[in-house]
Amino acid sequence: MAPVTAAEDPETLAFETTVRDGGNEVVLEETYFYPEGGGQPADRGTLGGLTVLDVQQRGDDVVHVVDGTLEAGETVHGAIDPDFRRYCMRAHTASHVLYGAGRRLFDELGYGGFGITPEKVRVDFSTPTDIDDETLVELERLVNRCVWDSRDVTWSRQPQAEALDRDDVAFNTKTEEGLTDETVRIVEIDGWDAAACGGTHVSNTQEIGPVTVLGRSNPGEGLTRVEFAVGPEGIDRRAAEKAAALDAAETLGTAPTDLPEAVGRLREEREAVAAERDALRERILDASVADIAAERFERDGRTWAAGVVDADANALAERVRDRPEGIEVLVLATPSGQLAVGTGEGCDAGDVVATLTDRFGGGGGGSSEVAQAGGLDADGSTVVDSLRDD
């Protein structure tokens, strides 16, 4: 659990104290450094002029790992990095605001934890609600509205039983944060959210600044992870998205707010063009098969037709299944050497494919009426010419 001094007085960034246990892993008589825990990283700064590399809670002690050694009994000056402390305060409070927004949008909401990095913050929700793009937009809107509303943020300790009886308090049941002591530290955002938490926070939501939701993912265990940014990262992301929207709107000759309608029209036009393209391909393929059938030839006492067409394997199979009238064996090949064979009664398409793969390599198979092959060591023209010349 985080020491009371760091969480209760997050604005104190410089202090003097006595070294209780010396060395390069230092324990102080008192400290305002926040140790890593509950998803919040350790404070940065200096201690006795030495860089603090890490801060960890070990039992009742807060251990400061420094890049040197300090002597027990020595009086030292501690200085906490103000920018990083302020960032963590804003980010941690923003996670509570985000959860409060989730309370208003999601069903059967549960808390699965959170984490802060210098670039972004994550909150893991447990909910059956589908968190789609539209929901993310509304989540961001609610968060920034809470920031704008300048709601007070307070914290206090309450008896554990009393805290557990409150339906409005969020607990991380996975880590059991706040449930190991007789009292529970509750952080409340006035009229918005309440949660058991030992982190550092700002005293008013307006201090968070703009929040930008970055996206969502599925970390497993029935959770949905929402990531967001505060500070410069969030501002830069919002600016990049705005620039992209303006550029797209200019290209489409519309306003940014009308982009969905413009994109919808483009999608309809694309689908219409694709359908026209596919219909044209079908007509070209039908014409090609008709030309191939017109050059039928006799082989093994049967009427054959064979030719090269530019189509996919499914289209080849459909065409050989519906052979032109009078064609007993139809062989269609792609330029790369994929084959489809369709036969009538008394002739096995699989046998034809087996004969061709024995000669040209590759493999294939199918039914007695329709069979296919691929991976041949010859192109389609070579295979077709061999049927005509043999």
Side-chain angles (χ1 to χ4, degrees), residues 38-40 89-117 119-155 163-164 166-175 177-178 186-197 199 201-202 204-231 233-235 237-238 241-242 245 256-257 259-260 263-264:
Q40 180 171 329
M89 292 166 62
R90 288 169 167 166
H92 205 147
T93 312
S95 74
H96 289 249
V97 175
L98 189 77
Y99 191 85
R103 291 177 187 267
R104 290 154 176 81
L105 294 177
F106 307 145
D107 298 324
E108 302 175 28
L109 183 62
Y111 177 69
F114 96 111
I116 299 174
T117 70
E119 295 78 25
K120 59 187 178 182
V121 188
R122 66 166 177 86
V123 174
D124 293 339
F125 295 105
S126 171
T127 175
T129 301
D130 181 24
I131 305 179
D132 56 16
D133 289 342
E134 184 178 353
T135 306
L136 285 182
V137 170
E138 179 62 10
L139 193 67
E140 180 178 289
R141 188 191 71 80
L142 288 176
V143 168
N144 284 290
R145 182 54 194 260
C146 179
V147 171
W148 175 260
D149 287 343
S150 301
R151 296 175 182 266
D152 288 334
V153 182
T154 58
W155 43 88
L164 289 172
R166 291 181 55 177
D167 293 334
D168 63 328
V169 176
F171 287 90
N172 185 342
T173 55
K174 182 177 180 180
T175 63
E177 181 178 357
I186 305 296
V187 175
E188 299 191 57
I189 300 174
D190 185 33
W192 190 260
D193 187 69
C197 182
H201 300 85
V202 297
N204 190 284
T205 58
Q206 68 176 341
E207 299 176 56
I208 297 171
V211 177
T212 302
V213 173
L214 304 177
R216 67 190 180 283
S217 61
N218 180 9
E221 300 181 9
L223 300 176
T224 298
R225 174 167 296 170
V226 175
E227 294 181 327
F228 65 93
V230 298
E233 292 288 339
I235 294 170
R237 173 66 174 263
R238 188 75 59 80
E241 291 176 348
K242 179 73 171 182
T257 52
L259 275 174
V263 170

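The figures that follow rest on heavy atoms only: side chains count, while hydrogens, waters and symmetry mates do not.
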Scanning both residues in full, the closest heavy-atom pair of Pro128 with Glu108 reads CD-CB, 3.9 Å
Q. Do the side chains of Ile186 and Trp155 get nearer than 4.5 Å, heavy atoms only?
A. no
Would you say the side-chain atoms of Arg122 pair up with the backbone N or O of Phe228, donor to acceptor, closer than 3.5 Å? no
- [ ] Could you give me the CA-CA distance, side-chain angles and deciding distance for Ile208 and Val202, then say whether side chain to side chain contact (heavy atoms under 4.5 Å, CB included) is met?
- [x] CA-CA 7 Å; Ile208 297 171; Val202 297; 4.1 Å; yes
Query raised in the report: Are side-chain heavy atoms of Pro210 and Val147 found at a separation under 4.5 Å?
Result: no
Ala194 and Glu188 have their tightest heavy-atom pair at CB-CG, 3.9 Å
Quick one: does any side-chain atom of Asn144 pair with a main-chain N or O of Val211 as donor and acceptor, under 3.5 Å? yes
For residues 95-102, run the donor-acceptor check on the side chains, cut-off 3.5 Å, and write out each pair with its distance to 0.1 Å, sequence neighbours left out.
unit_1	atom_1	unit_2	atom_2	d
Ser95	OG	His92	O	2.6
His96	NE2	His201	NE2	3.1

>> Donor-acceptor check, side chain of Thr127 to backbone of Thr129, threshold 3.5 angstrom: yes or no?
In response: yes
Kindly say whether Ile131 contributes a backbone atom to a donor-acceptor pair with the side chain of Arg216 at under 3.5 angstrom? yes
key: Test side chain to side chain contact (heavy atoms under 4.5 Å, CB included) applied to Phe114 and Asp124, step by step   = CA-CA 6 Å; Phe114 96 111; Asp124 293 339; over 6 Å; no
To the nearest 0.5 Å, atom CD of Glu140 lies from atom CG of Leu214 at 8.5 Å
**Asked** Looking at Glu233 and Arg237, does any basic side-chain N land under 4.0 Å from a carboxylate oxygen?
**Response** no
- Ring centres under 6.0 angstrom apart (Phe106, Phe125): yes
Hits for side chain to side chain contact (heavy atoms under 4.5 Å, CB included) against Arg104, two or more places apart or cross-chain, chain-then-number order -> Leu142, Trp192
Thr212 meets the side chain to side chain donor-acceptor pair (under 3.5 Å) criterion, sequence neighbours left out, with Arg238
Sorted by chain and number, sequence neighbours left out, side chain to side chain donor-acceptor pair (under 3.5 Å) with Asp132 holds for Thr135
With sequence neighbours left out, the residues meeting side chain to side chain donor-acceptor pair (under 3.5 Å) with Glu227 are Lys120
Exercise. Return yes if some donor-acceptor pair links the side-chain N/O of Ser126 with the main-chain N/O of Gly112 below 3.5 Å, else return no.
Key: no
Those residues at least two apart in sequence (or on a different chain) that pass side chain to side chain donor-acceptor pair (under 3.5 Å) with Arg151 are none
Given the options Thr93, Asp149, Asp190, Asp152, Asn204 meets side-chain hydrogen bond (donor to acceptor under 3.5 Å, both in side chains) only with Asp152
When every non-hydrogen atom of Ala91 is compared with those of Ile116, the smallest separation belongs to CB-CD1, 4.0 Å
Quick one, Val123 and Arg225 - any side-chain contact, counting heavy atoms below 4.5 Å? no
Exercise. Would you call Arg145 and Glu138 a salt bridge, using N to O less than 4.0 angstrom?
Worked result: no
Between the CG atom in Asp193 and the SG atom in Cys146, the distance rounded to the nearest 0.5 Å is 8.5 Å
